[in-house]
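Heads up, the thing below is written out as structure tokens.
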Protein chains: 2
Amino acid sequence: MENPRPPATLADVAERAGVSRQTVSNAINNPDLLRPDTLARVQQAIDGLGYTPNQAARHLRTRSSRLVGLRLTPAQEFTANMAMDRFVRALVEAAREVGYHVLLFSGGPVEEGELPDPLGGYDDLFRSTAVDAFVVTDTYLGNPVAVELTRRRAPFVAFGRPWDDPVASHPWVDVDGAAGVAAATEHVRDLGHERIAWLGWEPGSRIGEDRRAGWHRAMVAAGLSTAGLEAAVADTVDAGRQAAARLLDTTAPTGFVCASDTLAVGVLHTLRERGLHAGPGLPVVGFDDSQVAQVMGLTSVRQPLEEVAVELIGALADLLAPTEPTTHGILLAPTLAIRQTSV
Amino acid sequence: MENPRPPATLADVAERAGVSRQTVSNAINNPDLLRPDTLARVQQAIDGLGYTPNQAARHLRTRSSRLVGLRLTPAQEFTANMAMDRFVRALVEAAREVGYHVLLFSGGPVEEGELPDPLGGYDDLFRSTAVDAFVVTDTYLGNPVAVELTRRRAPFVAFGRPWDDPVASHPWVDVDGAAGVAAATEHVRDLGHERIAWLGWEPGSRIGEDRRAGWHRAMVAAGLSTAGLEAAVADTVDAGRQAAARLLDTTAPTGFVCASDTLAVGVLHTLRERGLHAGPGLPVVGFDDSQVAQVMGLTSVRQPLEEVAVELIGALADLLAPTEPTTHGILLAPTLAIRQTSV
DNA sequence: ATGAAAGCGCTAACAG
DNA sequence: CTGTTAGCGCTTTCAT
């Protein structure tokens with residue numbers, strides 16, 4: 001059995017080092033203020049006692065918890081989950097480097113027949129000073145979270161553009177989906193293809209429209225026709241399968257660029273059913289570089305989530321610093337993970 | 001612009017309700033102590049002011065942060081990541097129901113040529129009273145975290161059995177992998193198969209050995225021979241592909257049960273290469289019900305992570321309650337997600 | 001059932 | 001450069 005005695009406090013360290021409590025506090029927070037020998041003595045006492053500042057007390061005093069809140073969205077489709085996992089890891093790591101931790105919360109259960117509370121969980125956490133700020137990820141169309149948080153003066157940064165509000169005042173970081181899809185389209189074009197199909201989502205999603213725009217832009221830039229080369233369907237394997245079949249039967253594209261890995265998997269199914277083989281002669285590209293893409297050898301657009309996390313935390317630090325915030329919006333370019341379905 | 005004034009405090013509420021601060025505190029923490037009419041008046045003041053207790057002050061006073069720490073493991077293979085995502089969500093939800101939040105942290109970067117600090121991140125968090133307890137997930141063989149946390153008297157519960165220490169004193173929850181694989185094997189047997197192969201990992205993993213034992217036990221119970229029907233390989237698609245080919249060439253199994261979805265995908269590759277088709281006539285079963293299994297229609301053993309989370313939080317509540325802890329170890333049975341590769 | 005007093009451990013001001 | 005004083009907002013005795 002070890003020491004069941006309570007953890008050491010500032011006062012304990014001060015006594016042991018023969019200085020005042022304040023000096024110990026300075027040794028920790030403003031070491032420059034101390035004479036080297038005093039600092040060394042205090043440090044020795046700290047080490048000897050195994051002292052760690054009590055967060056609660058510091059938090060109460062400084063009004064800063066060094067915690068950022070992240071609300072877990074209610075488990076979306078495959079691809080998004082996977083991206084979320086990678087993003088959370090990246091965020092935790094980026095936060096750690098500036099001395100922050102990530103506090104996870106959920107919006108709570110959505111009652112049958114009720115709309116989910118858009119602000120679920122946010123308000124209490126902020127008002128109770130449990131977190132200093134939030135990272136908001138669900139900035140889908142018309143999301144009221146950003147508006148409400150702004151109104152309540154809760155500091156936050158968003159992963160995702162404020163599509164609906166070009167003059168939004170909060171910092172944001174987003175991935176340039178259009179650029180990613182354009183790069184994918186050019187990649188397929190470079191393989192010698194001209195009839196490159198776009199398999200996208202049904203209208204209504206800003207993200208989906210953005211990705212489609214990348215394909216369209218690249219096609220136009222290459223002087224290629226887009227007529228009859230696109231389909232807009234639900235984000236399921238089966239919808240992708242059927243849409244690919246329809247396209248093959250009509251305009252017979254020789255390459256596919258898709259809005260998601262899920263749709264791309266559907267395309268692969270159709271190709272297999274017809275005895276066709278995805279590859280440089282018949283490339284298929286997905287989006288999100290999910291687990292599925294990795295296992296199935298699917299070329300896919302990969303979001304730079306690690307960079308996103310770093311930029312978000314940087315913007316957050318900016319926001320919480322006493323100085324005027326500098327960053328406003330940052331758009332990062334995805335990369336292309338090239339695999340067997342296109343090489 | 002809204003009120004930039006500071007959040008209301010207990011004193012504000014007390015003044016507005018015409019009672020003492022103490023009474024407000026009681027209204028929140030021990031409502032039974034108040035007369036109904038007083039309680040109502042206080043409640044009104046709370047609502048009117050939009051008061052939320054300051055966590056830092058409460059935390060300092062009660063020495064409880066109502067935060068559980070969870071260390072993110074350094075991103076493992078596909079299947080594990082996916083499971084982690086689902087587990088984290090479940091944990092956040094289970095914690096919420098008992099008034100806890102989940103604080104994520106990482107072990108920090110592992111320096112080149114250095115061993116990762118087994119206690120990385122744990123010690124500071126606990127000593128600084130930033131978290132009340134931990135959920136430990138990486139209880140792989142000989143993991144020193146459990147030992148160290150016990151020595152430091154840090155409350156924690158483990159997801160995973162203490163394989164190496166049958167008398168471990170901490171509460172744990174685990175999934176009965178052997179039972180899951182046995183159920184999978186019986187499922188294949190029920191389809192009419194007798195030569196059921198086991199595609200497992202190389203020795204050295206307790207989890208892997210456990211899963212294999214489930215297959216072996218089920219085979220023996222069904223009076224089936226296991227001779228030449230097993231392979232032990234690395235957990236990659238390619239290793240699974242090759243192993244399946246070897247098995248087909250030698251003992252020609254008519255069904256495959258695998259230690260992971262990754263290996264099962266390898267089997268599917270081999271079958272396809274040979275013009276064979278997974279299904280009731282040639283079943284393939286994976287483990288973990290990953291994204292890949294869901295998209296590819298792979299039957300897979302699914303861990304009850306939501307239950308695991310609930311049990312873990314229950315054990316934690318027990319541990320932190322003033323009463324004597326009751327639970328010690330809980331073993332939960334997985335289910336079988338049956339899909340096209342076996343039906 | 002309600003109020004008064006004390007203090008959790010820390011840091012921001014100021015004084016020496 | 002170091003020490004003193006005060007108080008962050010809350011809960012826990014204890015008294016009324």
Side-chain angles (χ1 to χ4, degrees), chain A residues 5-43 45-46 49-66 99 124-132 322, chain B residues 5-43 45-46 49-66 99 124-132 322:
Chain A
R5 69 194 136 102
T9 72
L10 250 199
D12 298 332
V13 177
E15 188 182 2
R16 188 176 225 235
V19 297
S20 78
R21 303 201 328 256
Q22 186 46 30
T23 302
V24 180
S25 176
N26 283 337
I28 293 165
N29 302 305
N30 300 83
D32 319 336
L33 294 183
L34 300 211
R35 238 184 355 224
D37 60 318
T38 319
L39 181 58
R41 220 166 63 248
V42 173
Q43 191 55 54
I46 289 177
L49 254 27
Y51 168 73
T52 309
N54 181 311
Q55 280 305 331
R58 173 178 280 181
H59 175 179
L60 176 60
R61 188 65 240 234
T62 61
R63 322 196 132 272
S64 159
S65 61
R66 304 207 72 86
D124 280 349
L125 272 178
F126 183 65
R127 282 210 319 236
S128 70
T129 73
V131 302
D132 291 351
Chain B
R5 70 193 136 104
T9 72
L10 251 198
D12 298 332
V13 177
E15 188 183 2
R16 186 174 218 221
V19 296
S20 78
R21 307 206 319 263
Q22 185 44 28
T23 302
V24 180
S25 176
N26 282 337
I28 293 165
N29 302 305
N30 301 83
D32 318 336
L33 293 183
L34 299 210
R35 242 188 349 229
D37 60 318
T38 320
L39 182 57
R41 218 167 65 249
V42 174
Q43 191 56 53
I46 288 177
L49 254 28
Y51 169 72
T52 309
N54 181 309
Q55 280 305 330
R58 174 177 278 182
H59 176 180
L60 176 59
R61 188 66 239 230
T62 62
R63 325 197 128 272
S64 160
S65 60
R66 301 206 74 84
D124 279 350
L125 272 178
F126 182 64
R127 282 212 317 237
S128 69
T129 74
V131 302
D132 291 352

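Quick note on labels: first sequence line is chain A, next is B, and so on, each numbered from 1.
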Dump every N/O contact between nucleotides 14-16 of chain C and the protein below 3.5 Å, one line per pair.
none

Extract from the structure each pairing of a protein N or O with an N or O of nucleotides 5-7 of chain C at less than 3.5 Å, listing the distance.
| residue | atom | partner | partner atom | Å |
| --- | --- | --- | --- | --- |
| C:dG7 | N2 | B:R61 | NH1 | 2.9 |

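Partners of B:R127 under the side-chain contact (heavy atoms from CB on, under 4.5 Å) rule, at least two apart in sequence or in another chain, are A:T52, B:D123, B:D124, B:R152. For A:N26, the side-chain contact (heavy atoms from CB on, under 4.5 Å) partners are A:Q22, A:N30, A:L33, A:L34, not counting sequence neighbours. Evaluation of the side-chain contact (heavy atoms from CB on, under 4.5 Å) rule for B:D12 yields B:A8, B:T9, B:L49 as partners, not counting sequence neighbours.
For the atom pair A:L125 CG and A:D132 CG, the distance stands at 11.5 Å (nearest 0.5 Å). Separation of atoms CG (B:N54) and CG (B:L60) is listed at 10.0 Å; rounding is to 0.5 Å. Between the CG atom of A:L39 and the CD1 atom of A:I28 there is a distance of 10.5 Å, given to the nearest 0.5 Å. One distance of note links CZ of A:R61 with OG of A:S25; it measures 10.0 Å at 0.5 Å rounding.
The heavy-atom pair separating B:A56 from A:T129 by the smallest distance is N-OG1, 4.1 Å. Across A:R41 and A:V19, no two heavy atoms sit closer than the pair NH2-CG1, 3.5 Å.
Contacts between residues 23-36 of chain B and DNA chain C, defined by a heavy-atom separation under 4.0 Å, are made by B:T23, B:L33, B:L34, B:R35.
To the nearest angstrom, C1' of C:dC8 lies 16 Å from CZ of A:R58. Between the C1' atom of C:dT2 and the CG atom of B:L39 lies a distance of 13 Å, rounded to the nearest Å. Rounded to a whole Å, the CG atom of B:N54 is 6 Å from the P atom of D:dC10. In this structure, B:R127 atom CZ and C:dG9 atom P are separated by 15 Å, rounded to whole Å. Between the CD atom of B:Q55 and the P atom of C:dC10 there is a distance of 19 Å, rounded to whole Å. Between the C1' atom of C:dG9 and the OH atom of A:Y51 lies a distance of 7 Å, rounded to the nearest Å.
With A:S65 contributing its side chain and A:A130 its backbone, the two residues share a donor-acceptor pair below 3.5 Å. Judged by distance alone, the side chain of A:H59 and the main-chain N or O of B:Q55 form no donor-acceptor pair under 3.5 Å.
Taking the side chain of B:T9 as heavy atoms from C-beta on, and the options D:dG9, C:dG9, C:dT2, the nearest nucleotide is D:dG9. Relative to the side chain of B:L10, the nucleotides D:dT11, D:dG9, C:dG9 differ in distance, and D:dT11 lies closest. Residue B:P53 places its side chain closer to D:dC10 than to any other of D:dC10, C:dT2, C:dC8.
Within the 4.0 Å cut-off from OP1 or OP2 of C:dG9, at least one side-chain nitrogen or oxygen of B:R63 is found. Look at A:S20 and you won't find any side-chain N or O under 4.0 angstrom from OP1 or OP2 of D:dT4.
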